Amino acid sequence: MKTLITARGITKHFGATKALDGVDLEIFAGEVHVLLGENGAGKSTLVKVLAGIHGHDAGTIEGHASLAVIHQELALVPELSVAENLFLNRLPRRFGFVDRAEMRRRAPELLDRVGLDVDPDAKVKDLGIAQQQMIEIARALDKNAGVLILDEPTAVLTETETDRLLQIMAQLRQNGVGLVFITHHLDEIQRIADRITVLRDGRSVGVLGPKATTRHMIELMVGRPIDEQYPRAQQRPGQPLLSIEGLTKRGVFEDITIEVHAGEVVGIAGLVGAGRTEVARAAFGVDGYDRGTVKVDGKPLRRNDVQAAIKAGLGLVPEDRKGQGLVLTATVGQNLELVTLHDRDRKRLHDIAGKLRIKGRVEQPVKELSGGNQQKVVIGKWLLADPKVLILDEPTRGVDVGAKVEIYELINRMTAQGRAVLLVSSDLPEVIGMSDRVVVMAHGRVAGELPRGATQDQVMALAVQEISA
Ligand SMILES: Nc1ncnc2c1ncn2[C@@H]1O[C@H](COP(=O)(O)OP(=O)(O)OP(=O)(O)O)[C@@H](O)[C@H]1O
Ligand SMILES: [Mg+2]
């Protein structure tokens, strides 16, 4: 077995934080090597040390393979086109000028390789987050590197795109590429991993083989077993708290009617592009719509007015936390208080930070937190605001298995107090496991509704259905 990279005893501090503590890692040619660990365990830091973005305080790294990295935080330029982003920092040149013709010719090939059907001239900012992720992947693939590192690429992808990516990875493995893959989805690990290095608190606590059980993985990474993955505690539903009636935005979504009662969790499932996020944003007033009404506790909301929505008791945890959910340069504490400026309750703030097990200090800038911990801050912010109705758009994206359960318990606590939750999620086990009813959207419409206990197959059957206009 040819070894491409050997890292020994890697140690890395950020001020007083010891992010890595003597980590060993070997990457072989033709293997998929998974890095597994809780949020803040040190996975991304290890990647950045390998890539030379961060220096290290102790340890050695040997190997001559070229490296391509897909980082956890997307690094695209939103104002530029898809093609320009694909060739960012390495635009094809001819006689010293950027060769636009060459760029136009090669862009479709690259997009095709990842199965992405978008216009190369479209601006990246107009694409969904999953499509943006696929562009990052296409760009990294084109470097034909000996080692490809993928830091949580599937966090923002749905089933179909994830399948596609795992196929591409398997192909690269066959060609002798060494792959480092980070994911919190244990099922993906079981499908593709050759070896699994588990990190806990900056230390490597074990290397598992491809047959490792999820139970074993969880125990090693969390240090305790997790019994119930979806601990939904159902309530008797009360009065309607959120009523979306006939909501229509031409060309985006059509005639959406969803009612969520006090004490209820209603899920919205569907494929990318089904219009789920668009409905959530319109209901909350971020975007406008053409027809229909949104009522909170019986009171109609003014369209396109977020302040009015918040006043009426509505909250939204957006899917794009970096773009919409957080002020990265502000501290954890300041972010948690963003929507509750009138009610500075320090004790509750620490209580929520503790319940969510946010790894980081309240005084620390959010940008210094690991990706999953940033996500927990966005959720914590809205839990502190204590809205009557909370819309959660992909709330556990990038969150480790232990912290997911904490978030589900907080959802249970909200509904036990008579609040309502609308849960938009591409994670099928999650949306099925935590919802009292699941609304399935397809092509901008409600394709059907399923009661608690529905199967993944039933949800998918509705999600892929063609709806005649
Ligand atoms: N630039 C930084 N400044 C200060 N601390 C940092 C910085 N980057 C990372 N850390 C800290 O290092 C630790 C490890 O973070 P890292 O991002 O490597 O975690 P991770 O395993 O990738 O987690 P996640 O699953 O949430 O992405 C965390 O405590 C984090 O707060
Ligand atoms: Mg990370």
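What you see is a predicted model; the values in this text were computed from it and never measured.
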Between Pro240 and the options Lys295, Glu259, Glu264, the side chain to side chain contact (heavy atoms under 4.5 Å, CB included) test singles out Glu259
Review point. Taking the side chain from Arg452 and the backbone from Ser435, do they hold a donor-acceptor pair closer than 3.5 Å?
Key: yes
>> Within the 4.5 Å heavy-atom criterion, are Arg191 and Asp163 side-chain neighbours or not?
In response: yes
dist Lys299:NZ -> Ser243:OG (nearest 0.5 Å) comes out at 13.5 Å
CZ (Arg200) and CD (Glu38) are apart, to the nearest 0.5 Å, by 8.0 Å
Query raised in the report: Between Val464 and Leu271, is any pair of side-chain heavy atoms under 4.5 Å apart?
Result: yes
Does the side chain of Thr162 come under 3.5 Å of the side chain of Glu159 through a donor N or O and an acceptor N or O? no
Passes side-chain contact (heavy atoms from CB on, under 4.5 Å), Met169 versus Phe181? Steps please.
CA-CA 9 Å; Met169 287 169 62; Phe181 179 41; 3.6 Å; yes
Query raised in the report: Is a side-chain donor-acceptor pair under 3.5 Å present for Arg397 with Ser426?
Result: no
- So, the side chain of Arg173 versus the backbone of Ile192: is there a donor-acceptor pair under 3.5 Å, distance only? yes
Margin query: With side-chain contact (heavy atoms from CB on, under 4.5 Å) as the criterion, how do His261 and Asp436 come out once you've worked through the C-alpha distance, each side chain's angles and the decisive distance to 0.1 Å?
Written below: CA-CA 11 Å; His261 299 82; Asp436 304 335; over 6 Å; no
- Item | Gln239 side chain to Asp297 backbone, donor-acceptor under 3.5 Å | no
Inset, instruction - Quick one: do Leu111 and Asp117 satisfy side-chain contact (heavy atoms from CB on, under 4.5 Å)? Show the steps, please. - result: CA-CA 7 Å; Leu111 294 173; Asp117 184 19; over 6 Å; no
Exercise. With distance as the sole test, does Arg276 use its side chain to make a donor-acceptor pair with the main-chain N or O of Val440 at under 3.5 Å?
Worked result: no
Under 3.5 Å side-chain donor-acceptor pair for Glu245 and Thr293: yes
Any heavy-atom pair between the side chains of Pro120 and Leu86 that's under 4.5 Å?
no
Tell me if a side-chain donor or acceptor on Asp290 pairs with a main-chain N or O of Arg250 at a distance below 3.5 Å. yes
Treating Glu219 as the side-chain partner and His216 as the backbone partner, does any N or O pair qualify as donor plus acceptor under 3.5 Å? no
| said: Between Lys388 and Leu241 (side chain of the first, backbone of the second, donor and acceptor by atom type, cut-off under 3.5 Å), is there such a pair? | reply: no
_When you compare the side chains of Thr45 and His54, does any donor N or O come within less than 3.5 Å of an acceptor on the partner?_
no
| request: Answer yes when Asp351 and Lys355 have at least one side-chain N-carboxylate O distance shorter than 4.0 Å, and no when they do not. | output: yes
Closest non-hydrogen contact found for Ala442 with Ala447 is CB-CB, 4.1 Å
Heavy atoms of Pro153 and Ile137 approach each other most closely as CB-CD1, 4.3 Å
Review point. Looking at Lys311 and Asp305, does any basic side-chain N land under 4.0 Å from a carboxylate oxygen?
Key: no
Query raised in the report: Can any side-chain N or O of Thr396 pair as donor or acceptor with the backbone N or O of Val399 at less than 3.5 Å?
Result: no
Only residue of Lys249, Arg281, Arg303 satisfying side chain to side chain donor-acceptor pair (under 3.5 Å) with Asp287 is Arg281
* To do: Determine, for Arg139 against Glu136, whether the closest basic-nitrogen to carboxylate-oxygen distance falls under 4.0 angstrom.
  => yes
Tell me if a side-chain donor or acceptor on Ser425 pairs with a main-chain N or O of Asp427 at a distance below 3.5 Å.
yes
Are any of the side-chain nitrogens in Asp142 or Arg113 under 4.0 Å away from the carboxylate oxygens of its partner?
-> no
Close side-chain approach of Gln375 and Glu394, heavy atoms under 4.5 Å:
no
Non-hydrogen side-chain atoms of His350 and Val362 separated by less than 4.5 Å | yes
Margin query: Is any side-chain heavy atom of Ser44 closer than 4.5 Å to one of Glu73?
Written below: no
Do the charged groups of Arg291 and Asp255 touch, with an N to O distance under 4.0 Å? no
Q. Does Asp400 offer a backbone N or O that forms a donor-acceptor pair with the side chain of Asn39 under 3.5 Å?
A. yes
Report task. Assess whether atom CZ of Arg224 is packed by more than 12 heavy atoms of other residues, nucleotides or ligands within 6.0 Å. Result -> yes
Gly398 and Ala155 have their tightest heavy-atom pair at N-CB, 4.0 Å
- request: Would you please test Asp194 and His33 for side-chain contact (heavy atoms from CB on, under 4.5 Å) and show each step?
  value: CA-CA 6 Å; Asp194 298 302; His33 195 131; over 6 Å; no
Phe87 side chain reached by Leu110 side chain, heavy atoms, under 4.5 Å
yes
Scanning both residues in full, the closest heavy-atom pair of Ile244 with Ala283 reads CD1-CB, 4.1 Å
Check: Do Glu228 and Tyr408 touch side chain to side chain, with heavy atoms closer than 4.5 Å?
Finding: no
Of all heavy-atom pairs linking Ser204 and Thr197, the shortest is OG-CG2, 3.8 Å
Distance col, row Ile53:CD1 vs His71:NE2, nearest 0.5 angstrom, shows 3.5 Å
Closest heavy-atom pair, Leu157 versus Leu165, reported as atoms and distance to 0.1 Å, is CD1-CD2, 4.1 Å
So CD of Glu409 and CG of Leu356: to nearest 0.5 Å the spacing works out to 12.0 Å
To the nearest 0.5 Å, atom CD of Gln364 lies from atom CG of Asn335 at 12.0 Å
Here the gap from Leu35 atom CG to Leu199 atom CG, rounded to the nearest 0.5 Å, amounts to 6.0 Å
